[in-house]
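Right, one structure below, let's go through it.
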Number of protein chains: 2
Amino acid sequence: MLDETDRALLTLLTANARMPLKELAGRVGLSSPSVSERLRRLEERGVIRAFTADIDPARLGYTLQAIVRIRPLPGRLHLVQKLIEEIPEITECDKVTGDDCFIARLMLRDISHLDRILDGIADKAETSTSIVKAQPVLRRLPPLG
Amino acid sequence: MLDETDRALLTLLTANARMPLKELAGRVGLSSPSVSERLRRLEERGVIRAFTADIDPARLGYTLQAIVRIRPLPGRLHLVQKLIEEIPEITECDKVTGDDCFIARLMLRDISHLDRILDGIADKAETSTSIVKAQPVLRRLPPLG
DNA sequence: TGTGAAACAGCTCGGGT
DNA sequence: ACCCGAGCTGTTTCACA
């Protein structure tokens, strides 16, 4: 399904999505056209979902992050999900098993910013908030293979 | 600090990191060299941390994701953090306030894979696991401005 | 910071192994 | 599947506003 060369390409592109084909080719021991074709196929198959820029939220003024577990009140599940999707400060949200129905990541300018957002949810769901103190593992690839 | 043009560039690059300078330039109404210079500065200032490929874990065989809250046993904090960093299936981990010291995202091949990994932690920390059923909000940018 | 032109590098597409 | 080479497209550099 995915050979050694594909895996190497994914690793290289994860580290630097703008790496030129020529350099990619050199590192995996192929020619540029071959690499070009492989990338096309990887995108087509959905292995590569997109090429994105990794922006540092702190440099945008979001110096605080919080992880919030959200338990919608009875009958409010869909309403809460819609609300979550519309709050732009929520940059990630998973719907999970268990009492906590949603687990969301919030980007915040300061602690009062958190207060304001939670106030807007308080009448539709219960929340448990954890403030992020450090990020020991930042977005990385799982083992390929 | 960040003007309107910079914000537009970040939005465009987040959607497609491999977009050619020429096209970026056209969309923000500048010339290619100007855009090139702006990108150089954004990277230098650390606003753009990296250009990365967004890989679909499901296409790599990781059809299951879990969010695990981890509470190290007394005196095991550092040991547990080291362990977390060394488990490659943990692709994200935040150190947070509250009883749950760490919140980690795990990429898994199947449910027995989860069992195996949690077994390796069980004697050093308590864990609470939530299986991801859906992802209503996938990694996106907070408001720029 | 910005622009435009020119030199340079990278990409794509054909044909061939 | 991959490689090579030609032609084209995109990028970078530089003089200048």
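Within every chain, numbering begins at 1; the chains are lettered A, B, ... in the order of the sequence lines, protein sequences first and strands thereafter.
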inquiry  = So that I can tick it off, tell me whether A:Glu89 and A:Arg116 are bridged by a salt bridge, with the cut-off set at under 4.0 angstrom between side-chain N and carboxylate O.
reply    = no
Salt-bridge contact A:Arg45-B:Asp56 (side-chain N to carboxylate O under 4.0 Å) = no
key: Basic-acidic side-chain contact under 4.0 Å: A:Glu44, A:Arg41   = no
request  = To the nearest Å, give me how far apart CG (A:Asp3) and C1' (D:dC2) are.
outcome  = 13 Å
task = Send over the distance from B:Arg41 CZ to C:dG2 C1', rounded to a whole Å.
result = 12 Å
ask   = Does the pair A:Arg139/A:Glu92 count as a salt bridge with the N-to-O cut at 4.0 Å?
value = no
Sequence-aligned protein contact record of nucleotides 10-17 of chain C, with B where the base is within under 4.0 Å of a protein heavy atom and S where only the sugar-phosphate is = SSSB----
key: Nearest-angstrom distance from the residue atom CZ of B:Arg38 to C1' of C:dT1   = 8 Å
ask   = Does B:Ser34 put a side-chain nitrogen or oxygen below 4.0 Å from OP1 or OP2 of C:dT1?
value = no
query = Do A:Glu85 and A:Lys82 sit within salt-bridge range, that is, some charged N less than 4.0 Å from a carboxylate O?
reply = no
ask   = Mind checking whether A:Leu144 and A:Met19 sit in one hydrophobic cluster, side chains of I, L, V, M, F, W, Y counted as touching below 4.5 Å?
value = yes
message = Whole angstroms only, please: what is the CG-C1' distance between B:Leu39 and D:dT13?
response = 16 Å
